[in-house]
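Hydrogens, waters and symmetry mates play no part in the numbers below; they use all other heavy atoms, side chains included. For clarity, every value in this text was computed on a predicted model and none was experimentally measured.
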Amino acid sequence: MLTGRIAFKLQQCIRPAADRGWRPFGGIGWDGPVPGSLQGILTLGALTYPVIFGGSPVDGFRVDNRRACPNAHDFHQTRQSGVQTKKRGVVKQHNYVIQRECSKLLRKFKYVPPASDMAKNIVRETLDYYHNMLRVESNLSPRNGAAMLVRVAKFAQSSSLHDYIIETQQPFLGGVCKMTNGRLFALRPQEVSNVVWALGELGPGILDVRMGSGTIRNLYDKAMRQASDWKVLEKVRCADLALLVIGIAKLEVEDIDWAMEEITATIIRKLVKFKDPDLPGLLGGLAYMGWRDTKVLLPAIAVECKKRVGRFQSQDLAKLLWAFAVLEFRDIQHLLWITTTQTLPHLREVQPQEIVKIVWAYDHLHYYPGESCLAKMSRLMAPNVKKLVASDIAHTLQAFANMGLEEKMVVDSVCDCIIRNQIEGGLSTRDAAVLGWSLAVLDALDKRVFVSLRKPLAEFDPETLPEKHKVDVYRFCLHLQVFRPQLADMVSTDSMAACQGAWIEQVSEWEPPGLASEVGPIMEVLGFSWMEKETIGDGLMAVSSARRGDLTLAVEIVTPPNCYVTYMPSEKPHTAGSFLWRERLLMALGWRVLRVDGGAWEDMANDQEREAYLKERIQPLVGLTVEGGVDGQDTLLDQPEAA
């Protein structure tokens, strides 16, 4: 239902219009109270058009351009600072400005489901009215077109109907962009950046829409040439500069380096002037674009974030961590420490999507926040699993598995959703494989869960599945084959065979850590024959190996990214769950695993200390019998630890 205040104000607008005899848009009557149902929202959307808009006759109803409805003016004047101008006591209201306010009003109806038929009706009615304005108004300027394009983009953003708008409104979009393109030089700098943002928000498909004799790509190219001029950039506000970066990123246009170099220089000069909410958006745009300036730009943003870290909201911190992780920039120790010690203790205010970003960022930044922090995020996320899409659940659970989560509340919640088929949008092949492997590492993969995961694993097209997704599928199938043969018999051999090539190709690209060149000579001094890279199991794995008589060792060196650092005094560095799984797999295949701590190795003063260290680590492996997994359990946590 509409709130009483909004309903009252709309009544004030509608009833005077009915008294004047204006015919409503679409022929809907004025009688009755202001509707409050979902159908009534559409009616309100239609009824407000002839009341609020001034201008030439549109669709047969009369509008007095010299005298706007006083109540309509009262309704908007508190929200339109500087928009309306009074001249000789007459309020002049421009069509595009009032339509902007109407769009804001419609977006406030939170209970209209995004991408629903009702949202489509609202979008269609609004954009049809826009199109009518373009046909009948001769005094609309490029500024009007730019503002109209921005409002359409925000309308698409609020309704999640980007593709629908591009598919059904191409004549309108082409007309708006043609009007804007005609005198683009007349726009203010921030308006040019907003045009680029609007095109990006509508999606890459907007560039191929016809615009006169060309396409909207012509408008984009012209706007980018103007926006990348340093004289223009100096006049752009920081908030609009962030929007410009976001728009460029979302359009996914290649060969943008020529513009980004000047934009980057401007960002660095203006960085201290950015407001707190603008920095996460700016960094998010750089992450979407993949612009990794690790020499100047990212260090400067990290320093600025460090100064303001106490002023960021939880959603801003989550977005910052996510963006730094995507850009693989890890020199943010202070930011990680603050989020762990000051933000995460107050996690009751953090939304599920923010927890997903934080956990994923910790995993990709190779940072271990401690078991207590992981347990708290697990408990907060557990009741909200149903609100997340499958990919978010899979990636978060994989991050928890890599960081060694011991608190199993979120694991139980995920298993329950899988069994009951309550995951939003269903499971893709990759999501099922990642979830299955993560649950196996966390020792939570039972037969009921596996049966629910089996269908998406069996029903996929190897020709369309990306190579990195095939790697995830094969890793899970390999785990089942080695540790859970009874469950492996329930998976089609075709699935494993179709993905084996991608796995073998990834194994062939494996390179040993840099310390392997230092470990090898010491192993040779101890009488071992050393091979820095050896492919075993018909290409299934690659290891650094050492042999002496009957003793054959797989030497695994623990360095980042296999070792997660921590900045908590009470915590120790953590070995990644994927690395532990690799060790267990080698043991199951009959290898003895010699684990070398890279940090301890670098701290040793000379080769004598390193030789003594290796002797101590090798001694427990002499005569050790290593057996494979036992069917019925994963045995990842039960097998002998690597020496």
Could you tabulate the donor-acceptor pairs under 3.5 Å formed by side-chain atoms of residues 219-227, not counting sequence neighbours?
unit_1, atom_1, unit_2, atom_2, d
K222, NZ, N181, O, 3.0
Q226, NE2, L184, O, 3.4

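For CG of N421, the number of neighbouring non-hydrogen atoms (other residues, nucleotides, ligands) closer than 6.0 Å is 12 at most.
Here the side chains of V176 and V152 are not in contact, with every heavy-atom distance at 4.5 Å or above. Side-chain contact check for I423 versus D431: every heavy-atom pair is 4.5 Å or farther apart. In this structure, D461 and L465 have side chains that are not in contact, with every pair of non-hydrogen atoms separated by 4.5 Å or more. Two residues are said to be in side-chain contact when any heavy atoms from C-beta on lie closer than 4.5 Å; D293 and F329 fail this criterion. Contact check for L243 versus S193: no side-chain heavy atoms found under the 4.5 Å cut-off. Two residues are said to be in side-chain contact when any heavy atoms from C-beta on lie closer than 4.5 Å; R210 and Q170 fail this criterion. By the 4.5 Å heavy-atom criterion applied to side chains, V245 and L286 are counted as neighbours. Side-chain atoms of L241 and L282, non-hydrogen and from C-beta on, never get closer than 4.5 Å to each other.
Between C417 and K386, the shortest heavy-atom distance links the atoms SG-CG, 3.7 Å. When every heavy atom of F312 is checked against every heavy atom of C305, the shortest pair comes out as CE1-O, 3.7 Å. Across all their heavy atoms, C238 and F274 have their closest contact at O-CE2, 3.2 Å. Looking at every heavy atom in both residues, A146 comes nearest to T180 through N-OG1, 3.5 Å. Of all heavy-atom pairs spanning W291 and D257, the tightest one is CZ3-OD1, 3.3 Å. For the residue pair V471 and A502, the shortest heavy atom distance occurs at CG2-O, 3.8 Å.
Summarising the geometry, atom CE belonging to M260 is positioned 14.0 Å from atom CG belonging to D255; distances are rounded to the nearest 0.5 Å. A distance of 5.5 Å separates CG of L173 from CD1 of I216, quoted to the nearest 0.5 Å. With rounding to the nearest 0.5 Å, the separation of OG in S438 from CD1 in I393 is 12.0 Å. If you take CD1 on I206 and CG on D163, they are separated by 10.5 Å, rounding to the nearest 0.5 Å. Taking CG of L435 as the start and CG of L453 as the end, the distance is 6.5 Å to the nearest 0.5 Å. Taking CD1 of I301 as the start and CG of L320 as the end, the distance is 9.0 Å to the nearest 0.5 Å.
A distance-only check finds a donor-acceptor pair linking the side chain of R292 to the backbone of L327 [under 3.5 Å]. At distances below 3.5 Å, not a single donor-acceptor pair connects side-chain atoms of K319 with backbone N or O atoms of G281. Judged by distance alone, with hydrogens and angles left aside, the side-chain atoms of K270 form a donor-acceptor pair with the main-chain N or O of V236 at under 3.5 Å. Here the side chain of S228 pairs no donor or acceptor atom with the backbone of A259 at under 3.5 angstrom. A donor-acceptor contact shorter than 3.5 Å links the side chain of T429 to the backbone of P456. Distance alone, capped at 3.5 Å, places no donor-acceptor pair between the K250 side chain and the G285 backbone. Formation of a donor-acceptor pair under 3.5 Å by the K235 side chain with backbone atoms of R188 is not found in this model.
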Please determine whether salt bridge (Lys or Arg N to Asp or Glu O under 4.0 Å) holds for the pair K357 and E354, giving the CA-CA distance in whole Å, both sets of side-chain angles, and the decisive distance to 0.1 Å.
CA-CA 5 Å; K357 289 183 178 180; E354 296 165 12; over 6 Å; no
| query | Could you go step by step and tell me if V359 and D363 meet the side-chain contact (heavy atoms from CB on, under 4.5 Å) rule? | reply | CA-CA 6 Å; V359 174; D363 182 31; 5.8 Å; no
Step by step, would you call D240 with R237 a salt bridge (Lys or Arg N to Asp or Glu O under 4.0 Å)?
CA-CA 5 Å; D240 295 316; R237 297 175 299 187; 2.8 Å; yes
- List the steps, then state whether side-chain contact (heavy atoms from CB on, under 4.5 Å) holds for T215 with L207. CA-CA 7 Å; T215 63; L207 298 179; over 6 Å; no
task: Please assess V385 against D416 for the test side-chain contact (heavy atoms from CB on, under 4.5 Å), listing each intermediate value before the final yes or no.
output: CA-CA 10 Å; V385 169; D416 185 63; over 6 Å; no
Margin query: Applying side-chain contact (heavy atoms from CB on, under 4.5 Å) to D316 and D276, what does each step give before you reach the verdict?
Written below: CA-CA 9 Å; D316 295 333; D276 296 340; 5.7 Å; no
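Q353 and D392 form a side-chain donor-acceptor contact under 3.5 Å, judged by distance and modelled atom types alone.
Between Y288 and W322, the ring center distance clears the sub-6.0 Å criterion.
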